[in-house]
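For reference, the structure is listed below as structure tokens.
Just so it is clear, the structure is predicted and the values come from calculations on it, not from any experiment. Lettering of chains follows the sequences in order, A, B, ..., and the numbering in each one begins at 1.
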2 protein chains.
Amino acid sequence: MPGNKQKHATLVDVARAANVSVATAGRALGNYGYVGAEAKDKILKAAHALNYRKNLAAQSLISGKAKTFGMIVSDIGIEFYSNIIKSVVNYCRGHGYCVLIYDTHESVRIEREALAIFQQHRVDGIIVSPADFRNADHLREFVSSGGRVVQIDRCVPDLESDTVQLDNRRAARECTRKLIAAGHRRIGYIGELSEIRPASLRKFMATSQPVSDARQPFAPSCQRLFGYLDAHREAGIEVCPDLIGRTGQYSDGAACKETGKVLAHAPTALLTADGLMTVGAFRAIRAHGLRIPEDLSFISFDDLDWLQFVDPPVTAFAHPCSRIGEEAARILIKWANRGEDASPLHHEHVRLAGSLIERESIRML
Amino acid sequence: MPGNKQKHATLVDVARAANVSVATAGRALGNYGYVGAEAKDKILKAAHALNYRKNLAAQSLISGKAKTFGMIVSDIGIEFYSNIIKSVVNYCRGHGYCVLIYDTHESVRIEREALAIFQQHRVDGIIVSPADFRNADHLREFVSSGGRVVQIDRCVPDLESDTVQLDNRRAARECTRKLIAAGHRRIGYIGELSEIRPASLRKFMATSQPVSDARQPFAPSCQRLFGYLDAHREAGIEVCPDLIGRTGQYSDGAACKETGKVLAHAPTALLTADGLMTVGAFRAIRAHGLRIPEDLSFISFDDLDWLQFVDPPVTAFAHPCSRIGEEAARILIKWANRGEDASPLHHEHVRLAGSLIERESIRML
DNA sequence: TTGTATGCGTTATCAC
DNA sequence: GTGATAACGCATACAA
């Protein structure tokens, strides 16, 4: 009778079968230390016959390395994140690493729990797109206890971590320029912008400086608003505050409602801050019976799959999702494989360029 | 100087700080055995102060349980899979389990590698959508070494595992009935169908029995073809073999090409076998300048996000993605938490119903 | 109720 | 080159 729990051959079993000591078997199978040729051969054969698999838990206990990274995003089902996850997973696989994944639905509580689990697993680093900028003590604690964090897309500004993200300001500027070049002067913008209180929006617009290469201490939707403002400023166009839609929360429903308000102020073009905003805005445009591009030109910030299928296909700014994932994974792997030479722990801040995919949703005025 | 590697407090540290033995500290923090109230209090305080996190590797070494499942899909970026992953991850989190994820891009070699890694991690079970029906010895080996496998969507028929999938035959029958009820007699079908050699398609069509509740030993695209044939048979309509498009490989490019061929035989309606086929078919329809539903009615098997955004919105059959993920996770967790009473290892075969989302892509003839 | 001792499967440190 | 043996951090049987 085979017993209830799985049996796995151990080094001891292999060593016995090959007539050597555990130490020798370990050296042969772990590729360290000296092993004689014929001994190694015997051991490999025995291991294969017994279907031996090294127990990573035991290895982790000794080495302190789990050969595993943790990853936290707000919604695995969102195209943007699932694409990044895919590239992270594949890059890590190629380098012998696993990835544990959690989905927070924007809940800081769940993010905290996920982090605790990761610490129990002794992961070698984490990739995270934080749920809340103002509530990241758990991330700080993780860092201060020696963990390495790579933030993607969203970045808590005062966290000692690496960051990988699109150059949001430049990208939004490029989109806005495109619309301005087509003759548009009343360009709407729909974004979460929860950091900016509605009352201070005008002040905020005035505050935005033409150039700022410093690390941007803002959410992506705000950074992109900067780019939107930049393009207007350089073209000498004054921005009408009514055209800036602030949803306040990150949902397509809110985006739909806010877009409705903006449409009441007669924009000739619309730029969204990301894919979720695009979904909401699209619903509002439909509901208002507006045609693209005859009645309204449109650029989606985030190239959702379906934008190429609607009629006419919609111009969009494509995130470099694969690059984001690969860069994040690369940083962690480099760190995890560092030697004993204590290099001074330098954090990377990768800014990537995306690309504007021109389709047919912009009308020349 | 803080040293190069992360330091984590251990039970020994906590015990010392709380002035108790390791055993007592372990009992308090592991919630097992007897612990005095004030001792427990001291220990909890000390653990908190030291930011103690139990080392799951050590626990796994003893218990043989990793509190982790493995999951293998062919493409994380596909909406269908990312939705399932999301529900698996969330369900598992609620029950104290982690999920390791791999993406095979349909490569059996990678699937094999992933499985080996999972064995090294001593995962408590795996969820897999196999890359190849005819090449699953690695899965069999996993099972015979005591591992538990839940197959989703695609199922290797002779593998001792649980299965969770849509009732494909019934679902496709429902879609086809809908088209027939609308008056359509020439309904095209686009699927991978790689199991069926083109030469034997006619024979295959004749072979299909009206009723077969047995576990279907075929790929989803074939099972769905059965449903398509069922609906025709019960309506007394003869199927024209030219209307059945077999892509032979799983790619949207192949689907586009094959759809082109089918369109040449003047179907009035089209049913796809899944989301990837839908994408390819849609491109072909565009390329042929056909309008939906005026020139061609359309049902997508798989309710992709964008189908509600195109004009007109497309009728689609929605997979119960969340349910699939939850059922799969439920089965594994139930098994992982089983007691010592060796229940006789019964495999579940869950068949779920999806739902036809009616939109505006079907024209009444 | 608490403490002591032993083992899980590896790797590392020594002698041989 | 190879083989004992002691860790790693936790859980468990058993003694106190």
Side-chain angles (χ1 to χ4, degrees), chain A residues 3 5-44 46-47 50-68 119-124 145 340, chain B residues 3 5-44 46-47 50-67 117 119-124 145 340:
Chain A
K5 53 169 51 177
Q6 354 189 353
K7 291 297 292 176
H8 271 108
T10 74
L11 263 189
V12 179
D13 300 322
V14 175
R16 189 162 32 216
N19 242 329
V20 294
S21 71
V22 247
T24 305
R27 281 187 287 254
L29 267 38
N31 273 331
Y32 55 89
Y34 300 93
V35 193
E38 79 271 44
K40 182 159 189 171
D41 189 56
K42 270 195 307 183
I43 293 167
L44 258 41
L50 292 170
N51 195 25
Y52 169 78
R53 307 277 180 224
K54 95 167 41 172
N55 187 327
L56 285 180
Q59 184 170 276
S60 161
L61 201 52
I62 295 178
S63 67
K65 292 160 181 318
K67 302 296 267 180
T68 303
Q119 298 195 111
Q120 298 188 164
H121 276 273
R122 300 293 190 268
V123 297
D124 304 305
S145 76
E340 287 307 315
Chain B
K5 52 169 52 176
Q6 352 189 353
K7 291 299 291 176
H8 276 285
T10 74
L11 263 189
V12 179
D13 300 320
V14 175
R16 188 162 34 217
N19 240 330
V20 293
S21 72
V22 247
T24 306
R27 281 187 284 255
L29 293 159
N31 274 330
Y32 55 87
Y34 299 94
V35 194
E38 79 272 44
K40 181 160 188 169
D41 190 57
K42 270 195 308 184
I43 293 166
L44 258 41
L50 292 169
N51 195 25
Y52 169 77
R53 307 275 181 226
K54 95 169 39 172
N55 187 328
L56 285 180
Q59 186 168 298
S60 161
L61 200 53
I62 297 176
S63 68
K65 291 158 181 320
K67 302 296 268 180
I117 303 280
Q119 298 194 112
Q120 297 188 165
H121 277 271
R122 299 293 190 269
V123 297
D124 304 305
S145 77
E340 287 307 316

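Taking 4.0 angstrom as the limit, A:S21 places none of its side-chain polar atoms (N or O) nearer than this to OP1 or OP2 of D:dA4.
The structure places CG of B:D124 at 6.0 Å from NZ of B:K65, a figure rounded to the nearest 0.5 Å. If you take NE2 on B:H121 and OG on A:S60, they are separated by 9.0 Å, rounding to the nearest 0.5 Å. With rounding to the nearest 0.5 Å, the separation of CG in A:N51 from NE2 in A:H8 is 7.0 Å. How far OG of B:S63 is from CG of B:L56: 9.0 Å, rounded to the nearest 0.5 Å. Atom OH in A:Y52 sits 11.0 Å away from atom CD1 in A:I43 (nearest 0.5 Å).
Scanning both residues, A:K40 and A:N31, for their nearest heavy atoms gives NZ-OD1, 3.4 Å. B:A9 and B:D13 get closest at one heavy-atom pair: CA-OD2, 3.3 Å.
Residues from residues 10-20 of chain B that place a heavy atom under 4.0 Å from any atom of DNA chain D, listed by number: B:T10, B:L11. DNA chain D lies under 4.0 Å from at least one heavy atom of each of the following residues of residues 29-39 of chain A: A:Y34, A:V35, A:G36, A:A39.
Nucleotide D:dA6 holds its P atom 17 Å from the CG atom of A:L61, rounded to whole Å. Distance A:K65 NZ to D:dC8 P: 17 Å, rounded to the nearest Å. Summarising the geometry, the separation between CG on A:N55 and C1' on D:dC8 is reported as 13 Å, rounded to the nearest angstrom. Atom NZ in B:K67 sits roughly 18 Å away from atom C1' in D:dG9 (whole-Å rounding).
Taking 4.5 Å as the limit, some side-chain heavy atom of B:L29 sits within range of a side-chain heavy atom of B:L11. With a 4.5 Å cut-off on side-chain heavy atoms, A:T10 and A:R16 do not count as touching. Using a 4.5 Å cut-off on side-chain heavy atoms (C-beta onward), A:R122 and A:L61 make no contact. With contacts defined as side-chain heavy-atom distances shorter than 4.5 Å, the pair A:K42/A:V20 qualifies.
Contacts of A:R53 classified as salt bridge (Lys or Arg N to Asp or Glu O under 4.0 Å), with partners at least two apart in sequence or in another chain: B:E141. Partners of B:Q59 under the side-chain hydrogen bond (donor to acceptor under 3.5 Å, both in side chains) rule, at least two apart in sequence or in another chain, are B:K54.
Remark: the A:R27 side chain and the D:dG3 base include a donor-acceptor N/O pair separated by less than 3.5 Å.
Rounded to 10 degrees, the angle between the two end axes of the helix from C:dT1-D:dA16 to C:dC16-D:dG1 is 40°, with five pairs used at each end.
Taking a heavy-atom distance under 4.0 Å as the criterion, the stretch of DNA chain C touched by chain A extends 5' to 3' from C:dG9 to C:dA12.
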